[in-house]
Amino acid sequence: MSRTVKRAFKFRFYPTDVQAAELSRTFGCVRLVYNMALQARTEAWTLRQARIDYNATSALLTAWKKIDDLEFLNEVSSVPLQQALRHLQTAFTNFWAKRTNHPTFKSKRRSRRSAEYTTSAFRWRDEKLTLAKMSQPLDIVWSRPLPAGCSPSTVTVSQDAAGRWFVSLLCEDVIAETSATRRVGIDAGLNSLLTLSTGEKVTNPRYERADRERLARAQRNLARKQKGSANRAKARIKVARIYGRMADRRRDHLHKLTTRLVRENQTIVIEDLTVCNMVKNHRLARAISDAAWRQLRTMLEYKAAWYGRDLVVVDRWFPSSKLCSACGALAGSMPLNVREWTCRCGTIHDRDVNAARNILAAGLAVTACGDSVRPQRGSSRSGQLSAKQEDPRVTTGVPVR
Ligand SMILES: [Zn+2]
């Protein structure tokens, strides 16, 4: 059995000066249109309790293009601007469904610089990609092969904080389905990245700690530099480079891990740790593990859909750490530093493995009762992607290996 799925392939590319200028201009316009539409929607709601939908913002965009001061909006391809309005619509849909926070304005410095092109805004010929408003194809580094004969339906161009350019191509690909019968529960933690109900502990890669220290050092160095100075700009790029490399390595690690989990198991149960639920914590280690967990969940969601697996998301309502997975007794208080405990029934538990087993049991109960054990905020089964910060198609370009 095999199935056809949409899959993003991400590559680096090196723009000419003209292309770089055109793309930078486009990024700026995308950000401006997104922010203006967000402002219009927010004002309509606060002043008149009116909801402005995508079509209304699209009409607004047409009007903005006729204003003298905004004439430059006509100079870039109109497709990325329309796509920005669609992204805003998705952001509001997720917000209304209580999956994410209210959309925020895109900042020139902190937000991701990107532009999305649909088929009417690029040409794909002889494996060469030419974007609207450009005469030359992009100089792409084809670091891995695209599926044979594929033709991208969406193309996303982005630039990271370290100044590297990327293009992501959404293509149809064929996934060979394999069968699996195993089931697994996953507990997210700080000490080990994940603990599985099988007893396996997945740790952070060894280089993670060194990377993290390097990042902290670069950040301290940046904080010492005077605002607006050339040295500060240099220090900022250094931080961005380290961060970018860490993100690359983490993504790579998570891809391998999620592919293995999805290949080996028919049912995967995870906890619902959405951003809204998470305690805001500014500690670096915590922030990084939270980001890794979000990324892991997104990858599990779409890969489970690809391979026809069940991803069950259980709400964090039950005391997974305190409940004995052998006899069901509830232990007393369980401070975070307790790594191992003995239940009244005599079972000695590793805290995280026990939690993972309880998560698996809760997930299986959910599937047995037809998803009705407890109302979920988002969808609880795979196949319906939910609760995400970013479009996984565009942000997770590395294919399964
Ligand atoms: Zn027990």
Side-chain angles (χ1 to χ4, degrees), residues 8 23-65 67 70 73 76-118 154 156-161 166 168 170 247 272-282 287 290-291 293-295 297-298 301-302 313 376-379 384-396:
L23 290 171
S24 293
R25 222 174 11 247
T26 306
F27 293 159
C29 291
V30 163
R31 189 178 64 240
L32 179 69
V33 165
Y34 185 96
N35 286 345
M36 285 173 71
L38 173 55
Q39 171 108 30
R41 294 179 81 135
T42 310
E43 268 177 17
W45 179 252
T46 47
L47 299 179
R48 306 188 299 276
Q49 274 73 56
R51 277 189 184 183
I52 295 191
D53 62 0
Y54 163 76
N55 289 330
T57 53
S58 185
L60 278 176
L61 175 59
T62 310
W64 292 335
K65 284 179 168 179
I67 300 172
L70 297 173
L73 290 177
V76 302
S77 167
S78 62
V79 171
L81 307 183
Q82 288 291 344
Q83 292 306 97
L85 298 179
R86 290 208 170 85
H87 295 160
L88 182 62
Q89 177 65 39
T90 308
F92 269 103
T93 306
N94 283 333
F95 167 64
W96 290 324
K98 295 197 166 56
R99 288 193 289 262
T100 53
N101 292 325
H102 193 274
T104 53
F105 290 107
K106 283 190 189 295
S107 117
K108 186 170 183 183
R109 191 151 284 156
R110 285 186 306 280
S111 301
R112 184 165 174 267
R113 293 157 56 78
S114 72
E116 191 174 288
Y117 295 78
T118 51
T154 307
T156 306
V157 176
S158 61
Q159 189 185 26
D160 73 5
F166 296 95
S168 172
L170 190 65
D272 184 20
L273 301 175
T274 50
V275 196
C276 301
N277 292 350
M278 280 187 202
V279 189
K280 295 264 183 277
N281 191 316
H282 295 286
D290 288 355
W293 177 252
R294 278 198 300 274
Q295 214 171 359
R297 175 175 170 164
T298 307
E301 277 174 340
Y302 72 82
V313 183
Q376 291 281 323
R377 263 193 315 282
S379 69
Q384 307 150 338
L385 298 174
S386 68
K388 73 181 73 73
Q389 297 309 97
E390 318 161 285
D391 186 341
R393 296 170 317 164
V394 208
T395 52
T396 49

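In what follows, every heavy atom counts, from backbone to side chain, and hydrogens, waters and symmetry copies are set aside. FYI, the numbering just counts along the sequence from 1. Note that the structure is a prediction, hence the values are computed from the model and not measured.
- One finds the CE atom of M36 at 11.5 Å from the OG1 atom of T57 (value rounded to the nearest 0.5 Å).
- When atom types are taken as modelled, the side chain of N35 and the backbone of F105 share no donor-acceptor pair closer than 3.5 angstrom.
- Residue pairs meeting the salt bridge (Lys or Arg N to Asp or Glu O under 4.0 Å) criterion with at least one member in residues 24-49, sequence neighbours excluded, are E22-R25.
- Looking only at side-chain heavy atoms (C-beta outward), V76 and V30 stay at 4.5 Å or farther from each other.
- Side-chain N or O atoms of S58 include none that pairs as donor or acceptor with a backbone N or O of Y54 at under 3.5 Å.
- Rounding to the nearest 0.5 Å gives a distance of 9.5 Å between OG1 of T90 and CZ of R86.
- The CD1 atom of I52 lies 6.0 Å from the CG atom of L60; values are rounded to the nearest 0.5 Å.
- Distance check: R113 CZ to L23 CG gives 9.0 Å after rounding to the nearest 0.5 Å.
- Partners of D160 by side-chain hydrogen bond (donor to acceptor under 3.5 Å, both in side chains), not counting sequence neighbours, listed by chain and number: R164.
- At least one side-chain heavy atom of L81 sits under 4.5 Å from a side-chain heavy atom of C29.
- When every heavy atom of Q89 is checked against every heavy atom of D53, the shortest pair comes out as OE1-C, 3.8 Å.
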Could you check L32 against L70 for side chain to side chain contact (heavy atoms under 4.5 Å, CB included), going step by step and ending with a plain yes or no? CA-CA 10 Å; L32 179 69; L70 297 173; 4.0 Å; yes

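- Nearest approach of P103 to Y34, heavy atoms of both residues: CB-OH, 4.2 Å.
- Take R51 and apply the salt bridge (Lys or Arg N to Asp or Glu O under 4.0 Å) test, not counting sequence neighbours, and it matches no residue.
- The OG1 atom of T42 lies 11.5 Å from the CH2 atom of W45; values are rounded to the nearest 0.5 Å.
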Walk me through whether T156 and F166 qualify under side chain to side chain contact (heavy atoms under 4.5 Å, CB included). CA-CA 8 Å; T156 306; F166 296 95; over 6 Å; no

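- Closest heavy-atom contact between L85 and A37: CD2-CB, 3.5 Å.
- Scanning for ring pair (Phe, Tyr, Trp, His ring centres under 6.0 Å) contacts around F92 gives W96, H102, with sequence neighbours left out.
- Residues satisfying the side-chain hydrogen bond (donor to acceptor under 3.5 Å, both in side chains) test with Y117, not counting sequence neighbours, are none.
- Residues satisfying the side chain to side chain contact (heavy atoms under 4.5 Å, CB included) criterion with T118, sequence neighbours excluded, are V79, Q83, S120.
- Note that CD of E116 and NE2 of H87 are 3.5 Å apart. Values are rounded to the nearest 0.5 Å.
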